[in-house]
2 protein chains.
Amino acid sequence: MSAVDKAFHGLRHMIATGRLGAGERIPPEGELCEELGVSRGSLREAVRMLAALGVIEPRHGSGTYVSQLRPEDVIGSLSLTLELLPLTGLLEVYEIRRVLEAHVAAQAAARCTPEAVGTLFALIEAMEATDDPTKASELDHRFHLEIARIGGNPTLASLLSVFRARSRKYQVFTLPEGPELRRKSDEDHRVLATAIADHDPVAAAGAAQAHVAQTERWLRAFMPPVEEDDSKG
Amino acid sequence: MSAVDKAFHGLRHMIATGRLGAGERIPPEGELCEELGVSRGSLREAVRMLAALGVIEPRHGSGTYVSQLRPEDVIGSLSLTLELLPLTGLLEVYEIRRVLEAHVAAQAAARCTPEAVGTLFALIEAMEATDDPTKASELDHRFHLEIARIGGNPTLASLLSVFRARSRKYQVFTLPEGPELRRKSDEDHRVLATAIADHDPVAAAGAAQAHVAQTERWLRAFMPPVEEDDSKG
DNA sequence: GCAAGCAAAGTCATCAGATGACTCACGGCC
DNA sequence: GGCCGTGAGTCATCTGATGACTTTGCTTGC
């Protein structure tokens, strides 16, 4: 076993067995090097691996801390790499989204509160009011995130969040056909939110599935290639 | 932006834009250091991060290669960290599994071929024939993997594979009640495989969902803590 | 007594150099 | 023609040194 592997599995084991708890600061590099029997360089590579996977978080000048180990911490690590998949992968992701969005919509319909319904319709109105495609996309994301939150499964919510981020890269609303697509999308949102407000899981699931399928059809039809994405260079 | 971040995003960008294609060998460390303007140490940390995420793969003495960028390459990176989540996270994973296993079962019922049916029943018989809980667990895994494969969505198949691995860590079959649980599990498998063979998506989805829910109930009931897992030290 | 600012220790970040280990292809040798 | 050694290329690891950042605690001035 290589030195980096030794350090990686050693650290992971410390966390798995509870010796290092969530949120806790891990020993400084020097101590860990001695305990694990590797050099600082190898240890740092192992630390970076776990950091990329959302398990630990180094803070310059302070120390390295175990993350909260919430589902979104670990699942969020996919967001940086899922968009590297080729397009066939994206279409497969849409199939998963159809199923899961339908499920969370049904769950949300069964569990939603009046306040949650208020939030949903507020987001819809904000979406309909704006002309900025970027802002609309952001509000769309928050709308679906809110439904997933109401659904009551944080792991599922973060998984869908990652999948949506992959889809959102394609910015379908900025196309010439954008306004028309947005109008249809806004309609879908109202149908979905109404079904949730009515506590009608079947209608909500159907509306969610149809909405995802619609987006997927647009994407198949226009298929704009994604090239650059470093908006925050 | 830190040196490691610069190297990480630089490499990721090269892959995202197609400058480095799937399976291709990336330039040696020295060249990349010069191009990205970082030291070898920082570059290596970035390489390790991408390797942990399943995007690239260093081979000692040969070079560093971009992975095939298949869905399982990227999604498989979750398998090392998902088991670090606390138990509440595991139960949330089961909810996702219920939905997705039901979906793939339905898809498999719609798409399955006679050969695939033969494979399924062969696995079932092997499962029923063995007394070794570990081997039974392995065959169980292959059985569900085969259904997911028939379902036709590799991304979904690898996602479910990761989720099942998390559940399998709990080794429910090694409990005193193991034999009885296995008998019930084998029954479930026959019902599921029969529904798929009959091209009955509704029955298949129901059987799959019931099977996952059953496993989940056992886990809630017995809840054996997971401590160690370094079988391959 | 208190608050602002400063100083020092602790920690991670980065770089540079050197050596070892492994892979692979080329060419000589049998 | 096949086998084997050899050397170039590449990644793996260690060591040492320096810089940057955070945190803490103390000093200083009011």
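This structure is a prediction, so every number in the text was calculated from the model and none was measured. Below, all heavy atoms of this structure are taken into account, side chains as well, without hydrogens, waters or symmetry copies. Throughout, protein chains are lettered first and strands after them, A, B, ... in sequence-line order, and every chain is numbered starting at 1.
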Practice prompt. Between dC15(C), dA13(C), dT11(C), spot the one nearest the side chain of Arg44(A), thanks.
Written response: dA13(C)

Discussion item. Rounding to an integer number of Å, can you tell me how far Arg59(B) CZ sits from dA25(C) P?
Written reply: 12 Å

Fill in: Nearest-Å distance for atom pair CG/C1', residues Leu43(A) and dT15(D)
15 Å

Practice prompt. Provide, to the nearest angstrom, the distance between the NE2 atom belonging to His60(B) and the P atom belonging to dC22(C).
Written response: 6 Å

Item to complete: Send over the distance from Lys6(A) NZ to dT13(D) P, rounded to a whole Å.
Response: 9 Å

Practice prompt. For the side chain of Pro28(A), starting at C-beta, report the closest nucleotide among dG20(C), dA16(C), dC12(C).
Written response: dC12(C)

Worksheet entry | Pairwise 5' ranking along DNA chain D for Tyr65(A) and Ser39(A), keeping only the more 5' one | Ser39(A)

Fill in: Out of dC15(C), dC12(C), dT10(D), whichever nucleotide has its closest atom nearest the side chain of Ala3(B)
dC15(C)

Worksheet entry | 5' priority, DNA chain D, between Glu45(A) and Gly61(A) [closest heavy atom] | Glu45(A)

Worksheet entry | Residue Arg40(B), side-chain heavy atoms: nucleotide from dG17(C), dC11(D), dT14(C) that is nearest | dG17(C)

Worksheet item: Base, sugar-phosphate, or nothing for Gly41(B), non-hydrogen atoms under 4.0 angstrom?
Response: nothing

Worksheet item: Hey, is Arg12(A) close enough to Glu83(B) for a salt bridge, meaning N to O under 4.0 Å?
Response: yes

Discussion item. Determine whether Glu216(A) and Arg98(A) satisfy the following criterion, salt bridge (charged side-chain N to carboxylate O under 4.0 Å, His left out), listing intermediate values before the conclusion.
Written reply: CA-CA 9 Å; Glu216(A) 183 181 347; Arg98(A) 275 206 309 274; 2.8 Å; yes

Discussion item. When you measure from the side-chain N and O atoms of Thr64(B) to the phosphate of dC11(D), is any distance below 4.0 Å, counting only OP1 and OP2?
Written reply: yes

Worksheet item: Roughly how many Å is it from CD in Glu29(B) to C1' in dG17(C), rounded to a whole number?
Response: 14 Å

Worksheet entry | Nucleotide dT10(D), atom P - distance to CD1 of Ile56(B) in whole Å | 16 Å

Discussion item. To the closest 0.5 Å, what do you measure between CZ (Arg48(B)) and OG (Ser42(A))?
Written reply: 7.5 Å

Worksheet entry | Spacing of Arg25(A) atom CZ relative to dT24(D) atom P, expressed in whole Å | 9 Å

Response to the item:
Rounded to whole Å, CG of Asp5(B) lies from C1' of dT14(C) at a distance of 13 Å

Worksheet entry | Arg48(A) vs dT14(C): side-chain N/O to OP1/OP2 distance below 4.0 Å | yes

Discussion item. Measuring to OP1 and OP2 of dT22(D), would you say a side-chain N or O of Ser62(A) lies under 4.0 angstrom away?
Written reply: no

Worksheet item: Is the shortest side-chain N/O distance from Ser42(A) to OP1 or OP2 of dA12(D) below 4.0 Å?
Response: no

Discussion item. Just to verify, which of Leu11(A), Leu50(A), Val47(A), Leu32(A) counts as forming a side chain to side chain contact (heavy atoms under 4.5 Å, CB included) with Thr64(A)?
Written reply: Val47(A)

Worksheet item: Going by the angle between their ring planes, with limits at 30° and 60°, are His211(B) and His144(B) parallel, tilted or perpendicular?
Response: parallel

